[in-house]
Amino acid sequence: MSYISRIGQSLIISAAFIAVSCVNEVVENTPEKDSISGNSVMTKIINTPSDSEEGVLLVQLSREAASSVAEGHSIAAQTPEGLDIKSFEPVFCVTEQNAKHLRKHQLDRWYRIEFEGTGLELAAAQLAQFAEVSRVQYNKLITYGSDARSHAPAEELDATADNIFNDPRLSDQWNYHNTGSKTISTAAVEGEDIAVADVWRELTGGDSEIIVAIIDGPVKYTHEDLKENMWTNAAEKNGAPGVDDDGNGYIDDVHGWNCDANEGRINWNAPGETGHGTHVAGIVGAVNNNGRGVCGVAGGTGNGDGVRLMGCQIFTGGQSSNTAAAAIAFVYAADNGAHIAQCSFGYQNGNYASDYEYFANYSIEYFAIQYFLDKERFQTVDRNRIKIIDGPLAIFASGNDSHPSASYPGALMDCICVTGLGPDGYPASYTNFGPGCNIAAPGGDFYLNTETRRSSILSTFISEVNTENGDYAYMDGTSMACPHVSGIAALGLAYAKKLGKTFTREEFTAMLLSAVNDLDTKLSAGYKFLGYDQSTGAELPLRPYSTYQYQMGTGAVDAWKFMMNIEGTPSLMVKVGEECRYSLKNFFGEGADRMSYESVEMSGADMKALGITKKPKIEHGKLVINPGKVGSAKITIKAIAGGDNVAGSITGDWTGNGDIVTIPNANGGKGGMYITKTISIISRGVSSDNGGWL
């Protein structure tokens with residue numbers, strides 16, 4: 001590995017050593033004014049030493065210094081008094097493929113310095129004095145976006161006849177299909193889930209070409225319920241150990257990259273390991289319909305069609321991660337074809353007031369996220385085999401501090417930020433809310449069932465962490481809410497691919513954030529139990545639900561509605577348990593009540609999905625339907641425009657020369673023409689007056 005060699009009182013930055021740490025390193029030798037760094041020493045220093053990694057600083061060389069290093073020259077400067085530098089390594093791997101875009105985002109000249117002999121603040125001030133240094137950034141600590149409370153799963157429930165897949169613990173995953181069972185919680189409400197079951201049944205379970213990068217703790221890629229859906233770098237898997245077989249700049253990155261240790265070995269055996277990354281990965285893409293364990297949102301249908309999970313480890317054991325590891329993860333995920341970055345992490349005491357304030361304190365990570373999101377890069381990287389949208393997605397947890405604002409980086413306007421809900425459909429006790437929050441999803445709520453934990457989220461786990469927990473466990477937090485949205489986004493990409501549709505990222509995001517169920521109407525009254533003070537054990541004051549009103553994002557994410565948005569199929573919300581009549585004006589125009597209707601068609605599977613025992617019909621221009629349970633399905637209605645009948649036609653050889661032509665039906669009279677429309681029927685317990693979204 002590269003390092004600064006200390007010779008006497010000279011600080012030597014050696015290009016020869018730097019090149020060793022990254023295969024095919026390329027730094028463009030083009031002079032450019034540094035657009036961000038200031039002229040004074042103090043303006044070079046980014047953020048503060050609090051909550052930062054000890055003995056480590058991140059340094060950006062000036063453009064001229066970096067170019068000189070790239071040409072093989074050494075840069076000498078006086079060693080700061082008392083500063084014993086142990087290593088000096090490039091943060092990012094620069095290759096011929098990524099050099100242009102790393103340089104665009106000013107990531108090509110960042111180095112990680114490890115030192116002894118002095119404190120962080122003094123070391124930063126000393127390094128900032130060098131003309132060759134443009135910026136010095138403290139390596140801030142990152143925390144999980146979860147309360148990290150795990151518990152041995154309760155005894156397996158028997159699979160129900162309604163389960164589309166044969167995974168034995170699917171019945172315990174209320175977050176996918178909430179029946180309102182009191183074994184989940186006495187507060188559980190039917191339909192308070194992500195409405196994915198009918199998507200699996202009728203539309204899609206995922207696609208193996210969609211790659212989701214799990215930027216988190218280690219993903220146990222040998223797990224029985226994950227291994228078939230792991231992203232695999234075939235060249236490295238089949239290549240020689242210790243060799244960069246595929247030339248991507250990373251050695252032995254078979255299932256991803258350990259961004260904390262900067263090596264290919266994913267390590268889930270470190271002391272204190274929480275299992276967090278493996279749990280998150282299972283929510284996104286545990287293998288479906290394999291007769292084992294649990295299901296993942298985009299885990300496929302059992303035919304090898306689940307999304308691929310790329311492990312980008314930034315946490316090791318129970319330790320906090322840091323800015324540099326996260327930044328490396330975004331660059332690795334981008335360079336290796338990820339479509340979605342799943343990010344259930346945030347910063348300690350990171351409640352910044354604005355995106356610019358975050359940017360000013362986390363320059364290297366901000367630009368790494370921008371590198372990942374860069375549309376030009378995304379469209380030119382060879383490893384992105386399919387381009388359903390023109391740019392990738394970064395999806396973050398909002399944080400678990402119960403604060404009235406999202407944590408960063410999730411609060412950035414470029415990122416989708418997810419709040420957490422319990423099985424009662426209300427904000428969870430821990431969730432952050434307010435500015436920066438975009439959408440809500442199930443994250444579980446420990447306090448709704450402290451006995452069995454079934455009110456939390458069941459997913460894959462690491463048996464080596466705790467033999468009592470086994471390979472499946474319950475956890476709750478916005479960390480668990482976030483991968484639901486990542487999984488639904490992956491399903492949306494899979495379905496768009498199936499339909500042959502493409503979108504801009506902005507179009508795709510708009511469809512996702514508008515595919516929601518109402519939260520705000522029910523948040524006008526009542527109080528939320530927030531748990532207990534961790535230091536004193538005293539019960540925290542109740543919080544009015546109105547505090548959360550209009551602060552949880554657009555609403556509770558609904559997978560079926562999202563797929564209908566992608567299809568372009570309009571939807572009708574209907575009420576469960578009552579035979580009601582619904583106007584069709586939104587679908588057939590203002591004259592719908594006066595139209596004649598030829599037929600109403602609904603498959604047996606769709607009727608079963610909604611619990612319908614009597615075939616829907618049209619009376620006085622209104623659809624009469626009686627769903628018996630929460631669900632999603634489709635109905636096809638044929639109407640007549642321009643009268644109460646259609647004249648009809650007869651096809652045959654009417655010319656006598658063997659040509660088949662069509663002529664009017666002699667007995668048909670004068671009539672209109674058929675209009676056939678397929679409508680999505682969604683039963684969620686309540687309906688909207690206009691037949692549209694809640």
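Along the sequence shown, the residues carry numbers beginning at 1. Note that the structure is predicted; figures quoted are calculated from it, not measured.
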Criterion side chain to side chain donor-acceptor pair (under 3.5 Å) on N400 and T478, from CA distance to verdict: CA-CA 6 Å; N400 301 313; T478 54; 2.9 Å; yes
Quick check: does any side chain N or O of [X] sit under 3.5 Å from a backbone N or O of [Y], one acting as donor and the other as acceptor?
| X | Y | result |
| --- | --- | --- |
| N432 | H403 | yes |
| S398 | V418 | yes |
| Y176 | C295 | yes |
| W560 | A515 | no |
| K677 | F587 | yes |
| K182 | A188 | yes |
| K585 | A592 | no |
| T419 | M552 | yes |
| R505 | P392 | yes |
| D518 | G555 | no |

Could you check if a side-chain atom of [X] sits within less than 4.5 angstrom of a side-chain atom of [Y], using non-hydrogen atoms only?
| X | Y | answer |
| --- | --- | --- |
| D167 | V294 | no |
| S459 | M480 | no |
| K638 | E601 | no |
| E192 | W174 | no |
| D414 | I369 | no |
| I457 | H484 | yes |
| F433 | P427 | no |
| C343 | F330 | yes |

When you compare the side chains of [X] and [Y], does any donor N or O come within less than 3.5 Å of an acceptor on the partner?
| X | Y | value |
| --- | --- | --- |
| S455 | D445 | no |
| D305 | N303 | no |
| E598 | S596 | no |
| S185 | N449 | no |
| N289 | T301 | no |
| T179 | S181 | no |

To the nearest 0.5 Å, what is the distance between [atom1] on [X] and [atom2] on [Y]?
| X | Y | atom1 | atom2 | value |
| --- | --- | --- | --- | --- |
| L572 | N586 | CG | CG | 8.5 Å |
| F508 | K501 | CZ | NZ | 12.0 Å |
| T547 | Y527 | OG1 | OH | 9.0 Å |
| I439 | I416 | CD1 | CD1 | 7.5 Å |
| N626 | R581 | CG | CZ | 10.5 Å |
| I566 | K497 | CD1 | NZ | 14.0 Å |

If you look at every heavy atom in [X] and [Y], which pair is closest and at what distance?
| X | Y | answer |
| --- | --- | --- |
| V284 | P483 | CG2-CB, 3.4 Å |
| M563 | G492 | CE-N, 3.6 Å |
| A441 | V485 | CB-CG2, 3.9 Å |
| Q551 | D520 | N-OD1, 4.4 Å |
| D476 | S456 | OD2-OG, 3.3 Å |
| A559 | A195 | CB-O, 3.7 Å |

Please walk me through it: do R684 and D558 pass side-chain contact (heavy atoms from CB on, under 4.5 Å)? CA-CA 11 Å; R684 295 287 186 269; D558 189 302; 2.9 Å; yes
Suppose we screen for ring pair (Phe, Tyr, Trp, His ring centres under 6.0 Å). Which residues come up paired with F529, at least two apart in sequence or across chains?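 If we apply the ring pair (Phe, Tyr, Trp, His ring centres under 6.0 Å) test to F529, skipping adjacent residues, the hits are Y447, Y532.
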Does K634 pair with E567 as a salt bridge, N-O distance under 4.0 Å? yes
Between K375 and E506, is there a salt bridge with N-O shorter than 4.0 Å?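 Salt bridge flag = yes for K375 with E506.
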List the steps, then state whether side-chain contact (heavy atoms from CB on, under 4.5 Å) holds for V196 with I488. CA-CA 8 Å; V196 74; I488 290 171; 5.6 Å; no
Please check if the number of heavy atoms outside K614 that lie under 6.0 Å from its NZ is greater than 12. no
Other residues, nucleotides, ligands: >12 heavy atoms within 6.0 Å of Y674 OH: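 Count over threshold, so yes.
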Which class fits the ring pair Y358 and Y408: parallel under 30°, tilted 30 to 60°, perpendicular over 60°?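 Because their plane-to-plane angle is under 30°, the rings of Y358 and Y408 count as parallel.
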Could you walk me through whether L623 and I681 pass the side-chain contact (heavy atoms from CB on, under 4.5 Å) test, one step at a time? CA-CA 11 Å; L623 175 66; I681 303 295; 4.1 Å; yes
Hey, which of V557, L519, N175, D193 is the one that makes side chain to side chain contact (heavy atoms under 4.5 Å, CB included) with L421? L519
Over-ring placement of K522 relative to Y426, 6.0 Å and 45° cut-offs: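 The answer is yes, since K522 meets both limits relative to Y426.
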Worked check of side-chain contact (heavy atoms from CB on, under 4.5 Å) between Q342 and L309: CA-CA 10 Å; Q342 156 55 43; L309 305 168; over 6 Å; no
Can you sort out the partners of D606 under salt bridge (charged side-chain N to carboxylate O under 4.0 Å, His left out), two or more places apart, ordered by chain and number?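 Partners of D606 by the salt bridge (charged side-chain N to carboxylate O under 4.0 Å, His left out) criterion, ordered by chain and then number, come out as R201.
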